[in-house]
There are 2 protein chains.
Amino acid sequence: MPDPEIRMRKMVEALRENQYRITPQRLAILKVLAESKGHPSVESIYEQVKTNFPTTSLATIYKNVAVLKDLHQLLELGFSDDSNRYDGNKPYDHPHVVCTVCRKILDPDISALADMTQELTRETGFAITRHRLDFFGICPDCQARQ
Amino acid sequence: MPDPEIRMRKMVEALRENQYRITPQRLAILKVLAESKGHPSVESIYEQVKTNFPTTSLATIYKNVAVLKDLHQLLELGFSDDSNRYDGNKPYDHPHVVCTVCRKILDPDISALADMTQELTRETGFAITRHRLDFFGICPDCQARQ
DNA sequence: TTTTAATGGAAAATGATTATCAATAAATAG
DNA sequence: CTATTTATTGATAATCATTTTCCATTAAAA
Ligand SMILES: [Mn+2]
Ligand SMILES: [Mn+2]
Ligand SMILES: [Zn+2]
Ligand SMILES: [Zn+2]
């Protein structure tokens, strides 16, 4: 079974468990989130869903994103100078790499992260519970185009 | 010479070099930025400046913050769910630790950072130019109060 | 003294998100 | 399968807190 499909089932299951109704629009939104690799914005989810359900409202996307966030099935990446972006595949804190040219966002594998959090706790005495780690740069595609 | 004083001179110098006028309000803002440890918001700078210059306008703080940002003398930390915070002492990218209770922000020393950026470049092919690394948790003071 | 940047006070813009509500349709029991 | 209940949708208006703009007044620089 492909990965996005597994992920989608998981999200549907979470909705069912919490007595949310399974609507076609909802499924379309889950599909976009499960299949997307670039961390879409609400606007981008909206555009994609509209290709199958042209009458879909932007408000519906917002409402569903809020539901999935509540169910901890969605990671929200807020940007103070841009619209929020969402990760429906890894709904927990992890680092990101953001291309400053095409605005695509990727999930890198970073092994040094656990060490970093430990070093931090030791040094500051903070009880660290969350993190938000964004690296900005130019992706290989955009580098090639220049 | 104390550290904040050195920092303040540096900022005044940058203003002079770029033909900005040195006003009492401006100096007061620099002082707050140079002496502050907790990464103040515009509102917080405003409150502090008002103790010496009661007629100061909030607009003046905004305008001066913009100037200092332009001169690369100020690091802006934008939060999508809160007002911006500023670091006038280290006007370049560096990690932060944010207390989720009292909202104070500290600068930890993290040695593992350079390694992390390298690992990232190797793995993703991105040309990394900037970063924004925030760790969230509860500071020692707030832990003690609980 | 002259020039013009900076200030202060207020109003205006900003724009993504949230609220509203009538219409629709998912769930479920009979 | 049908009826009932009520969550969800779609369209639009309202919100909200910063941040920006405006402009007459003030004062820094030379
Ligand atoms: Mn991600
Ligand atoms: Mn800092
Ligand atoms: Zn790119
Ligand atoms: Zn605290």
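Each chain gets a letter, A, B and so on, in the order its sequence line appears, and its residues count up from 1.
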Whole angstrom value for the distance that separates [atom2] of [N] from [atom1] of [X]:
X       : N      : atom1 : atom2 : answer
B:Arg26 : C:dG8  : CZ    : P     : 11 Å
A:Phe79 : C:dT17 : CZ    : P     : 12 Å
A:Asp82 : C:dA16 : CG    : C1'   : 11 Å
A:Glu76 : C:dT17 : CD    : C1'   : 10 Å
B:Asp81 : C:dT18 : CG    : C1'   : 16 Å
B:Asn18 : C:dT4  : CG    : P     : 19 Å

**Asked** With respect to B:Leu30, which candidate in B:Met8, B:Arg7, B:Glu35 satisfies the side chain to side chain contact (heavy atoms under 4.5 Å, CB included) definition?
**Response**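 Of the listed options, the one satisfying the test is B:Met8.
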What distance separates [X] [atom1] from [Y] [atom2], expressed to the nearest 0.5 Å?
X        : Y        : atom1 : atom2 : answer
A:Ile29  : A:Leu68  : CD1   : CG    : 8.0 Å
A:Glu47  : A:Ser41  : CD    : OG    : 8.5 Å
A:Leu113 : A:Gln118 : CG    : CD    : 11.0 Å

**Request:** For the residue pair B:Gln25 and B:Asn64, establish whether any side-chain heavy-atom pair is separated by less than 4.5 Å.
**Result:**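 No, every pair of side-chain atoms sits at 4.5 Å or beyond.
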**Contact residues, residues 56-71 of chain A to DNA chain C [heavy atom, < 4.0 Å]** =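 Residues of residues 56-71 of chain A that come under 4.0 Å of DNA chain C are, in numerical order, A:Ala59, A:Tyr62, A:Lys63.
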**Asked** Would you say the side chains of A:Asp107 and A:His96 form a donor-acceptor pair under 3.5 Å?
**Response**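 Yes, because at least one side-chain N or O of A:Asp107 sits under 3.5 Å from a partner of the opposite role on A:His96.
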Close N or O pairs between protein and nucleotides 27-30 of chain C (under 3.5 Å):
residue	atom	partner	partner atom	Å
C:dA27	OP1	A:Ile22	N	2.9

**Asked** Relative to the 5' end of DNA chain D, which residue comes earlier, B:Pro24 or A:Gln25, by the nucleotide with the nearest heavy atom?
**Response**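 Nearest nucleotide further toward 5': that of A:Gln25.
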**Prompt:** Is the side chain of A:Glu76 donor-acceptor paired with the backbone N or O of A:Asn84 at a distance under 3.5 Å, no angle test?
**Reply:**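 No, A:Glu76 side chain to A:Asn84 backbone: no donor-acceptor pair under 3.5 Å.
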**Asked** Short question: side chain of B:Glu119, backbone of A:Ile110 - any donor-acceptor pair under 3.5 Å?
**Response**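 Side chain of B:Glu119 to backbone of A:Ile110: no pair is present.
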**Prompt:** If you look at every strand shown and take non-hydrogen atoms under 4.0 Å, does A:Pro54 touch a base, only sugar-phosphate, or nothing?
**Reply:**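 The answer is nothing, as A:Pro54 stays clear of every strand by at least 4.0 Å.
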**Ion pair B:Asp134/B:Arg132, N-O distance below 4.0 Å** =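 Yes, charged N to carboxylate O under 4.0 Å.
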**Request:** Determine, for B:Glu13 against B:Arg9, whether the closest basic-nitrogen to carboxylate-oxygen distance falls under 4.0 angstrom.
**Result:**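 B:Arg9 and B:Glu13: not salt-bridged.
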**Request:** Taking heavy atoms of chain B and a 4.0 Å limit, find me the 5'-most and 3'-most nucleotide of DNA chain D within that range.
**Result:**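 Range of nucleotides touched by chain B: D:dT18 to D:dA29.
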**Message:** I'd like to know if A:Ile138 and A:Phe136 are part of one continuous hydrophobic network [Ile/Leu/Val/Met/Phe/Trp/Tyr, side-chain heavy atoms within less than 4.5 Å].
**Reply:**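 Shared cluster, no.
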